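For reference, the structure is listed below as structure tokens.
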Amino acid sequence: MFILGLTGGIGSGKSAASNIFKALGVAVVDADVVAREVVMPSSASGALSQIAAHFGQHILLPDGQLNRAKLREKVFADVTEKQWLNNLLHPLIRQSLLSQLQACKGEYAILEAPLLIENDLLSYIDKLVIVDVPEDVQLKRAMARDNNSKAQIESIMAAQVSRAQRLKLADYVLDNSADVNALAQQVKDLHQVILSQA
Ligand SMILES: CC(C)(COP(=O)(O)OP(=O)(O)OC[C@H]1O[C@@H](n2cnc3c(N)ncnc32)[C@H](O)[C@@H]1O)[C@@H](O)C(=O)NCCC(=O)NCCS
Ligand SMILES: Nc1ncnc2c1ncn2[C@@H]1O[C@H](COP(=O)(O)OP(=O)(O)OP(=O)(O)O)[C@@H](O)[C@H]1O
């Protein structure tokens with residue numbers, strides 16, 4: 001199966017783009033969704049208990065779910081803690097992504113991952129598309145969506161590859177600096193290009 005990798009920085013519009021691909025009937029496997037699944041209390045991975053053992057029980061909400069806001073504060077303020085969490089979760093995320101991709105049907109499938117480059121997933125994809133906006137737009141949209149501080153979004157951006165590094169690896173670029181209609185038109189055009197290759 002032909003796999004199109006889709007990535008971009010925080011707030012660039014990956015979900016906006018992948019929703020348009022989904023509407024065109026393309027199967028999308030989303031690393032953010034898998035990242036949430038592997039830390040569910042019911043997950044067989046045991047990752048949540050390891051996180052609670054490492055950070056303390058206060059990292060859990062009263063209902064036993066992960067307190068994501070608290071973990072976000074901790075890991076993006078401390079490189080060592082972020083590395084610890086990445087080391088625990090990234091292999092689990094990768095394993096689940098690969099098995100979901102294998103089960104995909106259709107002419108091609110999309111692997112959507114914010115850390116596709118950082119997490120060494122390039123070897124699993126055939127072509128790479130980047131959703132691109134200038135950094136100030138990324139910051140503005142991510143702050144508006146998540147109700148996060150400027151400093152927090154900036155620290156997440158600093159933990160990701162730079163816009164220039166990302167663009168250097170791109171086979172295709174979706175420019176999302178205008179409105180969602182403009183993005184949709186580019187996605188439809190790219191869909192035709194990929195169908196002719198897949
Ligand atoms: C720290 C956590 C709990 C914060 O959760 P929260 O709900 O606030 O954010 P969410 O998961 O929606 O992530 C928001 C965005 O932050 C960025 N981001 C998340 N984790 C990381 C990371 N380890 N390094 C760099 N950027 C990251 C991505 O652009 C992501 O889309 C969560 O991000 C997490 O578990 N991160 C580690 C797993 C991971 O790497 N996930 C992202 C790629 S699969
Ligand atoms: N072209 C656009 N014009 C205006 N707002 C947009 C546009 N595209 C996306 N947005 C908004 O910007 C925010 C970020 O977009 P989206 O959630 O798709 O980004 P993402 O790359 O998936 O982010 P993350 O890495 O954090 O998961 C959302 O609130 C979304 O509705």
Side-chain angles (χ1 to χ4, degrees), residues 5-22 28-40 43 45 47-48 50-52 54-55 59-61 65-98 100 110-121 124 129-149 152-163 165-166 174-187:
L6 186 152
T7 191
I10 183 166
S12 58
K14 293 180 295 296
S15 303
S18 69
N19 284 337
I20 304 164
F21 279 106
K22 280 181 207 161
V28 176
V29 176
D30 181 343
D32 269 340
V33 171
V34 171
R36 284 185 155 71
E37 285 168 359
V38 296
V39 295
M40 279 177 19
S43 164
S45 69
L48 188 59
Q50 291 188 58
I51 290 170
H54 181 82
F55 289 98
I59 207 74
L60 303 179
L61 294 166
Q65 302 267 348
L66 178 62
N67 185 335
R68 303 182 67 85
K70 194 167 253 176
L71 186 58
R72 181 178 65 213
E73 259 168 48
K74 283 193 186 292
V75 297
F76 291 107
D78 184 331
V79 179
T80 317
E81 297 294 22
K82 178 161 64 59
Q83 202 54 54
W84 183 87
L85 186 69
N86 285 351
N87 288 345
L88 172 71
L89 296 184
H90 287 176
L92 297 170
I93 294 170
R94 178 188 316 221
Q95 209 176 18
S96 170
L97 288 174
L98 295 179
Q100 287 189 35
I110 289 185
L111 170 57
E112 175 189 351
L115 302 180
L116 198 150
I117 298 168
E118 297 86 337
N119 202 358
D120 276 334
L121 296 170
Y124 303 109
V129 57
I130 304 293
V131 187
D132 181 58
V133 293
E135 276 119 349
D136 60 319
V137 177
Q138 235 183 300
L139 192 59
K140 201 175 70 189
R141 288 184 186 161
M143 280 170 68
R145 186 198 52 193
D146 298 340
N147 208 8
N148 269 338
S149 70
Q152 184 137 62
I153 303 294
E154 279 172 341
S155 67
I156 296 178
M157 284 168 68
Q160 303 185 343
V161 295
S162 70
R163 186 182 179 201
Q165 280 172 286
R166 221 179 262 124
L174 297 169
D175 175 0
N176 190 28
S177 53
D179 62 14
V180 179
N181 286 332
L183 178 66
Q185 191 53 55
Q186 296 172 71
V187 169

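In this text the structure is predicted, and so the values were computed from the model without any measurement. Order of appearance sets the numbers: ligands from 1, and atoms from 1 within every ligand.
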Heavy-atom contacts with Asn86 under 4.0 Å: which atoms of ligand 1 show up? List them by number with element. 23 (N)

Protein heavy-atom partner closest to atom 41 (N) of ligand 1 - residue, atom, separation in Å: Ala35 CB, 4.0 Å

Scanning both residues in full, the closest heavy-atom pair of Leu6 with Ala17 reads CD1-CB, 4.3 Å

Can you name the nearest heavy-atom pair linking Ala142 to Ile10, along with the distance? CB-CG1, 4.2 Å

For the residue pair Val137 and Asn176, establish whether any side-chain heavy-atom pair is separated by less than 4.5 Å. no

How does Pro114 reach ligand 1, by side chain, by backbone, by both or by neither, if only non-hydrogen atoms under 4.0 Å count? side chain

Looking at non-hydrogen atoms alone, which of Arg72, Gln160, Glu81, Arg68 comes nearest to atom 29 (O) of ligand 1? Gln160

Under the side-chain contact (heavy atoms from CB on, under 4.5 Å) criterion, do Val39 and Arg68 qualify, and how do the steps go? CA-CA 10 Å; Val39 295; Arg68 303 182 67 85; 3.9 Å; yes

What protein heavy atom is closest to atom 13 (O) of ligand 1, reported as residue, atom name and distance in Å? Asp32 OD1, 4.5 Å

Those residues at least two apart in sequence (or on a different chain) that pass ring-ring contact (aromatic ring centres under 6.0 Å, His included) with Phe55 are Trp84

Of all the non-hydrogen atoms in the protein, which one sits nearest to atom 27 (C) of ligand 1, and at what distance? Phe76 CZ, 3.6 Å

Please check: side-chain N/O of Glu118 versus main-chain N/O of Val161, any donor-acceptor pairing under 3.5 Å? yes

Ligand 1 atoms nearer than 4.0 angstrom to some heavy atom of Ile156 are 16 (O), 17 (C), 26 (N)

For ligand 1, which atoms sit closer than 4.0 Å to a heavy atom of Leu115? 21 (C), 22 (C), 23 (N), 24 (N), 25 (C), 26 (N), 40 (O), 43 (C)

Taking all non-hydrogen atoms of both residues, which atom of Ile59 and which atom of Leu66 are closest, and how far apart? O-CD1, 3.7 Å

Hey, which atoms in ligand 1 end up nearer than 4.0 Å to a heavy atom of Leu89? 35 (O), 37 (C), 38 (C)

Do the non-hydrogen side-chain atoms of Leu115 and Gln160 ever get within less than 4.5 Å of each other? yes

Leu97 versus Gln100: any side-chain heavy-atom pair under 4.5 Å? no

Treating Thr7 as the side-chain partner and Pro114 as the backbone partner, does any N or O pair qualify as donor plus acceptor under 3.5 Å? yes

In terms of atom number and element, which parts of ligand 1 are under 4.0 angstrom from non-hydrogen atoms of Val75? 1 (C)

Would you say Arg36 has any N or O atom under 3.5 Å from an N or O of ligand 1, going by distance alone? yes

Would you say that His54 contacts Leu88 through its side chain, given a criterion of any heavy-atom pair below 4.5 Å between the two side chains? no

Please identify which atoms of ligand 1 are closer than 4.0 Å to at least one heavy atom of His90. 39 (C), 40 (O)

For atom 15 (C) of ligand 1, which candidate among Thr7, Ile10, Asp30, Leu88 provides the closest heavy atom? Ile10

Atom-level proximity to ligand 2, residues with heavy atom under 4.0 Å: Gly9, Ile10, Gly11, Ser12, Gly13, Lys14, Ser15, Ala16, Asp32, Arg141, Arg145, Asn176, Ala178, Asp179, Val180

Do Ile117 and Gln165 touch side chain to side chain, with heavy atoms closer than 4.5 Å? no

Answer with side chain, backbone, both or neither: which part of Val34 has a heavy atom less than 4.0 angstrom from an atom of ligand 1? neither

Atom 3 (C) of ligand 1: which protein heavy atom is closest, and how many Å away? Leu71 CD2, 3.7 Å

Regarding atom 37 (C) of ligand 1: of the candidates Leu85, Asn67, Ile51, which has the closest heavy atom? Leu85

Full working for side-chain hydrogen bond (donor to acceptor under 3.5 Å, both in side chains) between Gln152 and Ser149: CA-CA 5 Å; Gln152 184 137 62; Ser149 70; 4.8 Å; no

Are Leu139 and Glu135 packed together at the side-chain level, in the sense that at least one heavy-atom pair is separated by less than 4.5 angstrom? no

